[in-house]
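A quick write-up on the structure given underneath.
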2 protein chains.
Amino acid sequence: MNILEKITNELDMLSKSERKVAEVILASPSTVIHSSIAALAKQAKISEPTVNRFCRRLDTKGYPDFKLHLAQSLANGTPYVNRHVDENDTAEEYTDKIFESTMASLEQARKNLDSNDINRAVDLLTQASKISFFGLGASAIVAHDAQNKFFRFNVPVVYFDDILMQRMSAINSRQGDVVIMISHTGRTKSLVEVANLAKENDATVIGITAKGTPLAKECSIVLSVDVCEDTDLYMPMSSRIAQLALIDVLATGFTLRRGSKFRDNLKKVKDSLRSSRFEKKD
Amino acid sequence: MNILEKITNELDMLSKSERKVAEVILASPSTVIHSSIAALAKQAKISEPTVNRFCRRLDTKGYPDFKLHLAQSLANGTPYVNRHVDENDTAEEYTDKIFESTMASLEQARKNLDSNDINRAVDLLTQASKISFFGLGASAIVAHDAQNKFFRFNVPVVYFDDILMQRMSAINSRQGDVVIMISHTGRTKSLVEVANLAKENDATVIGITAKGTPLAKECSIVLSVDVCEDTDLYMPMSSRIAQLALIDVLATGFTLRRGSKFRDNLKKVKDSLRSSRFEKKD
DNA sequence: CAGAAATAATGAAATTTTATTTCATAATTT
DNA sequence: AAATTATGAAATAAAATTTCATTATTTCTG
């Protein structure tokens, strides 16, 4: 855990003098890692033992150990953070911000994913007699991508981004079919209805959506990619990328479960595209 | 710069005893940050001054300063690396690997992107009388996503993932139209032909593709997301995510260029979806 | 190519710097 | 007023650095 955050959190638990130390550190942590305990004590206008006690209260062995932790926190320097795009950003600035936010979202999504759920989902997919991917709007792209991947596995797979087709397909589903519903909000009415229809017709419904939403309630497994979208300028951005990464995970899990012979087959599919391309001259 | 790399690089410049120190450190850097100079000297079977000289040779002030640098290097600890999925990976392992590889690819893509090119591309897009996104296979998804985004901007935008439609659309293009061709390989024959047709008909062709490829040669701007795909199990994975992030960048650049009134409009588009969703009860 | 001279490397011991502990006093709470 | 807690001066301990003598290595010379 980042020690700077920890200092901020425990600010109330500290004594008056210790808080002075905390303030000096928070004001300029990069100076502190090059200061001796005496220098820091002087700057905070308290005694050296107080600095030492402060360090121990933060569960470090002493001042040098504390500096080590501090140095590490600074090195991380909040690696990938959601940074808001600003009106006056240059191309370079907003490019960096968007890429960083996307990485931060992926990081967050990874933390929130439960590998047991993924395992169960992969189980169901490998045993499915038919797989359907449904999404609308930005999530339609994710469904589209999923179809593109699972299609290569030579299993019956469909994708629809049209409400009526989704409904018809859901009504025709039966035991052994797996339906994957993709929605960032989990609140799109028509999608929830489709999920319900699929469930009523004995299909297994897997949701790539937020937990505790109306859509999630219709699903037997919810793979939740909880990502905050507040960087986004009124467009779904990070969420769909996390969803796509999740599709990659499911597809990879699928191929691993199927064994090495199956992967040879995948290679053939890929190679079949070769004649459609210009040769690479190395 | 990472101090561990630096040690490796300067290994030849070190004396025999100093190299012993280096070896002990490289073998277990995380132990060293908790050792005193005496402990380290003992472990490397050399004297304390030698450790001190070693530290100074690496441009640190002394042993404590060296430990600080080391701690920082460890904190950064090879942030996101392309790690290959292994046959026997658990769900947790391959999930982590895929997410990390994806993040590594984004990081790499960001480094390779030229913000001048992005600026020029955004310029062209804001002035375009019509925008077309063309892609096939996995890149079709990116084109699809781009349409979904640019559609909100209330500009004429189309997307085709069908060769014939692409050709027809390309032939009908004219001065002021911008055509964005998306292809990871840059070698798909039919796409190169479409790019050529568009160019012949005075459209501005922007490529989201690799540099120096047949497709790149037909483009007036090439936005290259050079990402190595060797983690991928015969499926395009990281590349398309980097491309999608690039679409986000272009879309964001577009909205920024259009000013704040325009963004109010975007909000309206988003709000228009509200009635299609179940209310969030907080 | 031996062997002397010069140079560089190394560690023991001394010194200095830095951190920690002890303990008496001051501040705060009960 | 008593008990508890917080604080810093001084003492101690620990760690790092410097000095300097010794040893190893290289370079030069006859």
Side-chain angles (χ1 to χ4, degrees), chain A residues 3 6-74, chain B residues 3 6-74:
Chain A
I3 196 120
K6 194 167 181 176
I7 296 174
T8 317
N9 286 342
E10 305 210 349
L11 219 55
D12 325 319
M13 280 86 142
L14 298 175
S15 75
K16 215 192 316 174
S17 308
E18 284 167 355
R19 207 166 309 143
K20 282 189 202 163
V21 183
E23 276 157 19
V24 171
I25 294 167
L26 290 174
S28 173
S30 51
T31 316
V32 173
I33 57 170
H34 296 117
S35 311
S36 69
I37 193 167
L40 177 56
K42 196 175 170 189
Q43 224 197 323
K45 286 173 189 150
I46 44 78
S47 71
E48 300 180 24
T50 301
V51 176
N52 199 272
R53 281 187 287 262
F54 166 85
C55 296
R56 298 226 170 116
R57 203 177 292 270
L58 290 154
D59 303 313
T60 63
K61 286 186 193 167
Y63 185 65
D65 190 41
F66 168 79
K67 283 212 293 190
L68 242 45
H69 282 267
L70 189 59
Q72 294 200 316
S73 301
L74 290 179
Chain B
I3 196 121
K6 193 167 184 179
I7 296 174
T8 317
N9 287 342
E10 305 210 348
L11 220 53
D12 325 320
M13 280 86 142
L14 298 176
S15 76
K16 216 191 316 171
S17 309
E18 284 168 356
R19 208 166 308 144
K20 283 188 202 166
V21 183
E23 277 158 19
V24 171
I25 294 167
L26 290 174
S28 173
S30 50
T31 316
V32 173
I33 56 170
H34 296 115
S35 311
S36 69
I37 192 167
L40 177 55
K42 197 174 169 190
Q43 224 197 326
K45 287 174 187 147
I46 44 79
S47 71
E48 299 181 25
T50 301
V51 176
N52 199 273
R53 282 187 285 261
F54 166 86
C55 296
R56 293 225 239 265
R57 202 177 293 270
L58 290 154
D59 303 313
T60 63
K61 284 187 194 167
Y63 184 65
D65 189 42
F66 169 80
K67 284 213 290 188
L68 243 44
H69 281 268
L70 190 58
Q72 295 201 316
S73 300
L74 289 179

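Proteins get letters first, then strands, A, B, ... in listed order; numbering begins at 1 in each.
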Nearest-angstrom distance from the residue atom [atom1] of [X] to [atom2] of [N]:
X	N	atom1	atom2	result
A/Arg57	D/dT5	CZ	C1'	10 Å
A/Asp65	C/dT18	CG	P	18 Å
B/Lys42	D/dA15	NZ	P	13 Å
B/Glu18	C/dG11	CD	C1'	13 Å
B/Lys61	D/dA15	NZ	P	21 Å
B/Ile46	D/dA16	CD1	P	13 Å
B/Leu40	D/dA15	CG	P	13 Å
A/Lys45	D/dA6	NZ	P	23 Å

Name the atoms and distances for all side-chain donor-acceptor pairs under 3.5 Å in residues 20-30 of chain B, with sequence neighbours left out.
residue : atom : partner : partner atom : Å
B/Ser28 : OG   : B/Thr31 : OG1          : 2.2

List for me each residue that meets salt bridge (Lys or Arg N to Asp or Glu O under 4.0 Å) alongside A/Glu18, sequence neighbours excluded, and say none if there are none. A/Arg57
Going by the rule salt bridge (Lys or Arg N to Asp or Glu O under 4.0 Å), which residues pair with A/Arg56 if we only count those two or more places apart in sequence or in a different chain?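 Testing A/Arg56 for salt bridge (Lys or Arg N to Asp or Glu O under 4.0 Å), a comparison that skips the adjacent residues, returns none.
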Five pairs per end, C1' atoms only: what is the angle between the end axes of the helix from C/dC1-D/dG30 to C/dT30-D/dA1, to 10 degrees? 20°
Determine the minimum heavy-atom distance between [X] and [Y], stating which atoms define it.
X	Y	value
A/Ile33	B/Gln72	CD1-NE2, 4.1 Å
B/Asn9	B/Asp12	O-OD2, 4.2 Å
A/Leu40	A/Val51	CD2-CG1, 3.8 Å

Taking only the side-chain nitrogens and oxygens of [X], find out if one of them lies under 4.0 Å from OP1 or OP2 of [N].
X	N	result
A/Ser17	D/dA6	no
B/Thr50	C/dT10	no
A/Ser15	D/dT7	yes

If you restrict it to nitrogen or oxygen atoms, what contacts under 3.5 Å exist between nucleotides 12-14 of chain D and the protein, and what is each distance?
none

Partner residues of B/Thr60 under the side chain to side chain donor-acceptor pair (under 3.5 Å) criterion, sequence neighbours left out: none
Taking only residues two or more places apart in sequence, or in another chain, which ones meet B/Ser36 in a side chain to side chain donor-acceptor pair (under 3.5 Å)? none
Would you mind listing every ring-ring contact (aromatic ring centres under 6.0 Å, His included) that reaches into residues 17-64 of chain A, with sequence neighbours excluded? A/Phe54-A/Phe66
Please collect all salt bridge (Lys or Arg N to Asp or Glu O under 4.0 Å) contacts where either partner lies in residues 58-74 of chain A, sequence neighbours excluded, each pair once. A/Lys6-A/Asp59
Which pairs count as salt bridge (Lys or Arg N to Asp or Glu O under 4.0 Å) when at least one residue sits in residues 31-53 of chain B, sequence neighbours excluded?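 For residues 31-53 of chain B, and leaving out neighbouring residues, there are no salt bridge (Lys or Arg N to Asp or Glu O under 4.0 Å) pairs at all.
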Within residues 21-39 of chain B, residues whose heavy atoms come under 4.0 Å of DNA chain C: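 Those residues: none at all.
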Given side chains that start at C-beta, do those of B/His69 and B/Leu58 come closer than 4.5 Å, heavy atoms only?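 Heavy-atom side-chain distance check fails, nothing below 4.5 Å.
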Base versus backbone protein contacts along nucleotides 21-30 of chain C [heavy-atom cut-off under 4.0 Å; B, S, -]: B------S--
